[in-house]
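Numbers here simply count residues along the sequence, with the first being 1.
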Amino acid sequence: MTQAGCVYSDYYEIRGEVRTPHPVTDYQQGSIRDDFNFGSLLLLDSAVTREAVRDCRGASCVFAGWYSLRLAIARRSRIVRVGEFLYGKIEDDVRRSGEKLFDYVDPRNRQVQVEMEDAATRHLKKVGAYLAPPFSPVRFGPRTGMVEASVIIPVRNRAKTVADAIESVLRQATDFPFNLFVVDNHSTDGTTDIVRGFAARDTRVIHLIPSRRDLGIGGCWNEAVFHASCGRFAVQLDSDDMYRDESTLQRVIETFYREKCAMVIGSYQMTNFQLQEIPPGVIDHREWSDENGPNNALRINGLGAPRAFYTPVLRRIRIPNVSYGEDYAVGLAISRDYRIGRIYEPIYLCRRWEGNTDADLDIPRQNAHNQYKDSLRTLELLARQRKNAETKKKVRRRSPARRRKSR
């Protein structure tokens with residue numbers, strides 16, 4: 001019916017005597033992540049597959065064989081999902097979603113990741129979406145009397161954790177003025193009273209309660225970013241988490257000026273609620289490179305934390321009004337045009353507990369998250385293809401041979 005190069009379907013997940021429907025997601029142009037779940041049964045068109053295999057010659061395929069192949073299939077044919085449960089699969093990875101989340105940054109998987117990055121980069125080059133270095137440095141405009149940095153904490157019903165987060169900000173030792181926006185998204189558990197108390201005791205704390213009731217985390221960020229008191233740089237802190245010590249904010253802002261970047265991303269340490277380190281430990285995203293990080297960003301599921309932004313650039317891009325993937329969307333957009341700075345030592349404590357929004361997601365919510373991030377990748381892929389096409393046009397217009405011919 002479709003002349004697809006690859007067909008896959010939904011399936012039943014079998015654990016012991018229990019059969020549970022496991023729907024999968026539709027393949028998109030931006031489904032470049034290497035952990036896309038096709039299930040265990042795929043039908044491949046032989047002629048298309050032979051062409052795709054020839055297209056993969058020269059690629060390192062100890063670990064990235066199937067990944068390279070299905071990207072090559074996608075370049076020349078459709079990949080089609082059948083939305084029916086056509087078979088059963090005995091599930092052997094029974095970890096919770098929150099435990100699987102960090103597999104791709106496990107140092108033990110480093111060689112796997114190198115191969116996957118090579119395959120993704122080859123694909124982007126072949127489809128005209130590869131971004132070539134160097135990436136543009138930022139020219140910071142003149143100061144206009146605003147504070148240097150604003151920390152932004154969106155929060156809803158985190159009475160158990162928000163005080164620790166706020167205190168970790170107020171302890172920061174800096175050589176510049178900063179403030180703290182706590183965007184309280186209509187909490188009902190006592191969070192509002194806690195934040196109001198901090199604001200009454202410390203003028204650096206700005207307590208915002210949005211007038212709108214349809215805001216996700218991204219919408220709450222926009223409330224602070226467009227506030228008149230927002231600083232030159234906007235720095236992230238989740239209401240569950242804490243800065244590691246009093247030097248975090250200083251290091252982030254110094255990195256902006258040293259590397260002339262529009263975004264800075266740090267590293268974080270995974271801890272339990274008692275701040276004891278838990279596996280996988282430090283998440284530093286060392287897979288990033290100045291030369292290829294913006295391309296590899298389309299393959300992986302996140303860019304790291306804490307995240308900080310040059311506010312004028314962030315205001316121009318804006319943040320999607322969602323509560324998952326909003327940071328990834330902004331990071332992709334910034335990396336298309338600007339340099340991103342990195343800090344590879346942990347400056348942030350990411351506390352894992354049962355209250356985390358991604359601690360144990362069911363299949364429909366995992367699919368919704370993955371579908372949304374794939375849609376972001378699709379949009380970004382198209383934007384990069386357009387940027388490269390426009391750049392080629394400009395180069396052709398400026399070429400000496402073309403000018404002589406026109407004369």
Side-chain angles (χ1 to χ4, degrees), residues 144-170 172 177-243 249 262-263 305-334 355-358 365 368-369 372-373 375-376 379:
T144 57
M146 66 178 69
V147 299
E148 183 74 348
S150 291
V151 176
I152 298 174
I153 303 177
V155 63
R156 177 175 169 80
N157 293 343
R158 283 293 185 265
K160 188 175 181 179
T161 61
V162 71
D164 292 337
I166 293 173
E167 288 170 352
S168 79
V169 176
L170 298 181
Q172 294 300 298
F178 68 89
N179 58 21
L180 165 62
F181 284 89
V182 183
V183 187
D184 180 6
N185 199 10
H186 305 283
S187 297
T188 59
D189 69 340
T191 295
T192 301
D193 291 335
I194 294 171
V195 178
R196 188 178 291 128
F198 277 101
R201 297 190 297 272
D202 196 317
T203 57
R204 293 175 296 175
V205 179
I206 300 173
H207 184 195
L208 291 183
I209 300 178
S211 58
R212 292 172 54 177
R213 290 183 173 269
D214 64 338
L215 297 182
I217 292 173
C220 290
W221 256 82
N222 286 329
E223 290 282 310
V225 168
F226 285 92
H227 193 281
S229 297
C230 186
R232 186 182 179 89
F233 301 101
V235 187
Q236 166 254 341
L237 177 59
D238 288 349
S239 57
D240 290 342
D241 302 331
M242 302 166 59
Y243 290 151
L249 195 54
M263 181 178 181
R307 299 168 291 275
F309 310 91
Y310 181 43
T311 301
V313 170
L314 190 57
R315 285 175 173 168
R316 188 165 67 249
I317 292 174
R318 294 176 175 263
I319 305 172
N321 182 29
V322 295
S323 291
Y324 176 82
E326 74 289 339
D327 52 328
Y328 184 61
V330 173
L332 289 179
I334 289 176
N356 291 134
T357 53
D358 59 357
R365 284 189 293 170
H369 287 180
Y372 178 64
K373 279 196 172 179
S375 73
L376 295 176
L379 295 174

- Looking only at heavy atoms, which two atoms of V147 and S229 are closest? And how far apart? CG2-O, 4.0 Å

- Item | Result of checking V235, I152, V205, L237 against L180 for side-chain contact (heavy atoms from CB on, under 4.5 Å) | V205

- Note on the structure: Nearest heavy-atom approach of A149 to L249 is CB-CD1, 4.4 Å

- Pairs satisfying salt bridge (charged side-chain N to carboxylate O under 4.0 Å, His left out), at least one member in residues 305-322, at least two apart: R307-D327

- Task: Return yes if some donor-acceptor pair links the side-chain N/O of R156 with the main-chain N/O of H186 below 3.5 Å, else return no.
- Result: yes

- Task: List the steps and the verdict of side chain to side chain contact (heavy atoms under 4.5 Å, CB included) for V225 and F309.
- Result: CA-CA 10 Å; V225 168; F309 310 91; over 6 Å; no

- Does the side chain to side chain contact (heavy atoms under 4.5 Å, CB included) test come out yes or no for Y243 and V169, once each step is laid out? CA-CA 7 Å; Y243 290 151; V169 176; 3.8 Å; yes

- State, to 0.1 Å, how close D184 and S187 come at their nearest heavy-atom pair, and which atoms those are. OD1-OG, 2.8 Å

- NE2-NZ distance between H369 and K373, expressed to the nearest 0.5 angstrom: 9.0 Å

- Query: Between F233 and Y310, does the ring centre distance come in under 6.0 Å?
  - Reply: yes

- Message: Ignoring hydrogens, what is the shortest heavy-atom contact between A224 and C230? Give both atom names and the distance.
- Response: O-CB, 3.3 Å

- Message: Looking at every non-hydrogen atom in both residues, tell me the closest pair between P210 and L215 and how far apart they are.
- Response: CB-CD1, 3.6 Å

- Message: side chain to side chain contact (heavy atoms under 4.5 Å, CB included) for N321 and N222? Distances and angles first, verdict last.
- Response: CA-CA 8 Å; N321 182 29; N222 286 329; 5.6 Å; no

- Examine distances only and state if a side-chain atom of D238 and a backbone atom of D240 form a donor-acceptor pair shorter than 3.5 Å. no

- Task: Calculate, to the nearest 0.5 Å, the distance between atoms CG and CZ belonging to N185 and R158 respectively.
- Result: 12.0 Å

- Message: With rounding to the nearest 0.5 angstrom, report the CE to CG distance, M263 to L314.
- Response: 9.0 Å

- Message: Given the ring of F198, does R201 sit roughly above its face, with NZ or CZ under 6.0 Å from the centre of the six-membered ring and within 45° of the axis?
- Response: yes

- Specify the closest pair of heavy atoms between G325 and L376, including all atoms of both residues, with the distance to one decimal. O-CD1, 3.6 Å

- Task: With rounding to the nearest 0.5 Å, note down the distance linking OG in S239 to NZ in K160.
- Result: 13.0 Å

- N/O donor-acceptor pair under 3.5 Å between E223 side chain and W221 backbone: no

- With rounding to the nearest 0.5 Å, note down the distance linking OG1 in T192 to NE2 in H207. 5.0 Å

- Is S150 reaching over with its side chain to a backbone N or O of N179, donor-acceptor style, under 3.5 angstrom? no

- Item | No-hydrogen, no-angle side-chain donor-acceptor test under 3.5 Å, D189 and T191 | yes

